[in-house]
Amino acid sequence: MSLFGFSLKPRRAKTAQTAKDRLQLLLAHERAGGSGAADFLPQLQNDILEVIRKYVTVADEDVEIRLQRDNAVSSLEINIEMPADSGKKPRS
Amino acid sequence: MTTQMKEKPPLGQIIVITSGKGGVGKTTSAAAISAGLAKLGHKTVVIDFDVGLRNLDMIMGCERRVVYDFINVIQGDARLKQALIKDKRLDTLFILPTSQTRDKDALTKDGVEAVLNELKEEFDYIICDSPAGIERGAQLAMYFADEAVVVTNPEVSSVRDSDRVLGLLASKTKRAESPEGEPVKARVLLTRHDQTRIDKGEMMTVDDVLEILAVPLIGIIPESQAVLRASNVGTPVILDEPSTASMAYEDTVARLTGEEVEMRIGEERRPGLFQRLFGRTS
């Protein structure tokens, strides 16, 4: 936008293009993943916890799951904090 | 014009006006499109599916004539003929209002189907005005549709919701569930189009939106002061002539009936230099 309400800049200065780019990125993911990845993350966390608990005792909050969505790839980051004292009982 | 239709069996085409997002112009469009179809001589009924938030009656200007509603008919408390309100301006246009006091659980799939089947015996076009959202009311409004008009604003949340609704049309409708037969024919109606803002790069273009949604366009409705003016007095905006919005809806209606009309972008008077310098209100 300029001082006088009209602009000498080329068409589509900024925001419309940004809107389009954001939508294209988002919808590519939403369409592929059906209702979106957020739906299965809690279940995934539970399942992972269950498997790990076969071997070590970990608390619920010691597992952290993060999803990062980018243009070409999505990454799923799972951090499990292993207790130093593996005999410790989980809190729940 | 209207008497010719009598000999032919009714077309019985069900068209849902839907969007996902609220406030994008579903009811305005449902009112305008149904009035436009009726004006061409097609026997048309427009049904309000927004149970509990009745508004089609106000936009159509018949809010004081509502006695029985859609829910009464579904539950067998009234006959369909009693609930249908005949429009005072067009004798081929009827309105089926919804209930203001019940909630959306009052709608049942069987009940909706029975009413639609009865309407198909008599009407050429049955326009279903969907509520916002993607819950029961919206799902039932689209379930039996042959065609869909997905009302979209050139704005990120509206486009995203439209995409979601297009997904539902392709999976959660009777046509989608039946193995053979055509899917629901879905087309986008772009409303609140503002060429001035597009020229400034502040609004996505028609092509941008179509590229994202990947469905055909049924019409472009410019941002227009006529829309509020018409709703103030309870007239479908297509009857508020001449305005850029009414012309755009007329083109849209013609395309719905299968006519090929060139896409044009009618805008409110383009602001002159004076207006551009000192602000504008279009």
Side-chain angles (χ1 to χ4, degrees), chain A residues 1-51 60-61 63-79, chain B residues 20-21 133-135 139 150 152-172 176 186 188 190 192-215 265 270-282:
Chain A
M1 261 210 277
S2 76
L3 195 59
F4 299 109
F6 58 85
S7 145
L8 297 173
K9 280 186 233 162
R11 280 168 64 113
R12 285 261 218 109
K14 264 182 195 129
T15 58
Q17 187 60 49
T18 310
K20 187 183 176 189
D21 295 344
R22 288 174 60 215
L23 273 168
Q24 280 176 323
L25 177 60
L26 176 75
L27 294 181
H29 284 284
E30 285 189 348
R31 285 172 190 156
S35 49
D39 282 5
F40 69 77
L41 280 185
Q43 189 56 46
L44 178 66
Q45 173 156 356
N46 280 340
D47 291 354
I48 288 172
L49 260 173
E50 226 170 274
V51 173
D60 280 359
E61 61 268 26
V63 178
E64 192 188 351
I65 299 186
R66 236 187 244 137
L67 187 70
Q68 176 67 42
R69 295 193 285 196
D70 282 309
N71 236 329
V73 285
S74 297
S75 63
L76 184 66
E77 188 186 318
I78 303 175
N79 272 315
Chain B
K21 190 175 182 299
I134 51 171
E135 285 175 63
Q139 282 179 11
V150 180
T152 308
N153 292 166
E155 178 274 325
V156 287
S157 51
S158 173
V159 175
R160 182 193 200 177
D161 290 0
S162 292
D163 188 75
R164 188 76 202 284
V165 162
L166 286 165
L168 293 175
L169 284 164
S171 62
K172 298 278 168 66
V188 167
L190 202 76
R192 308 201 70 164
H193 182 271
D194 186 337
Q195 190 62 47
T196 314
R197 301 201 73 179
I198 287 175
D199 290 343
K200 283 196 215 156
E202 293 176 356
M203 183 179 272
M204 283 184 282
T205 66
V206 178
D207 290 337
D208 288 342
V209 176
L210 294 182
E211 189 187 328
I212 292 165
L213 294 178
V215 285
I265 301 177
R270 289 296 292 274
L273 180 63
F274 185 82
Q275 268 178 294
R276 292 179 72 158
L277 285 172
F278 297 103
R280 62 190 180 84
T281 51
S282 98

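Throughout, protein chains are lettered first and strands after them, A, B, ... in sequence-line order, and every chain is numbered starting at 1.
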Once you round to the nearest 0.5 Å, how far does CG of B:D208 lie from CD of A:Q24?
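These two atoms lie 8.0 Å from each other.
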Per the side chain to side chain contact (heavy atoms under 4.5 Å, CB included) rule, which among B:V156, B:D163, B:V209, B:L213 passes with A:L23?
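When side chain to side chain contact (heavy atoms under 4.5 Å, CB included) is applied between A:L23 and each of B:V156, B:D163, B:V209, B:L213, only B:V156 qualifies.
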Intermediate values then yes/no, side-chain contact (heavy atoms from CB on, under 4.5 Å), B:M204 and A:Q17
CA-CA 7 Å; B:M204 283 184 282; A:Q17 187 60 49; over 6 Å; no
For the side chain of A:T15 and the backbone of B:M203, is there at least one donor-acceptor N/O pair under 3.5 Å apart?
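Side chain of A:T15 to backbone of B:M203, a donor-acceptor pair under 3.5 Å: no, none is there.
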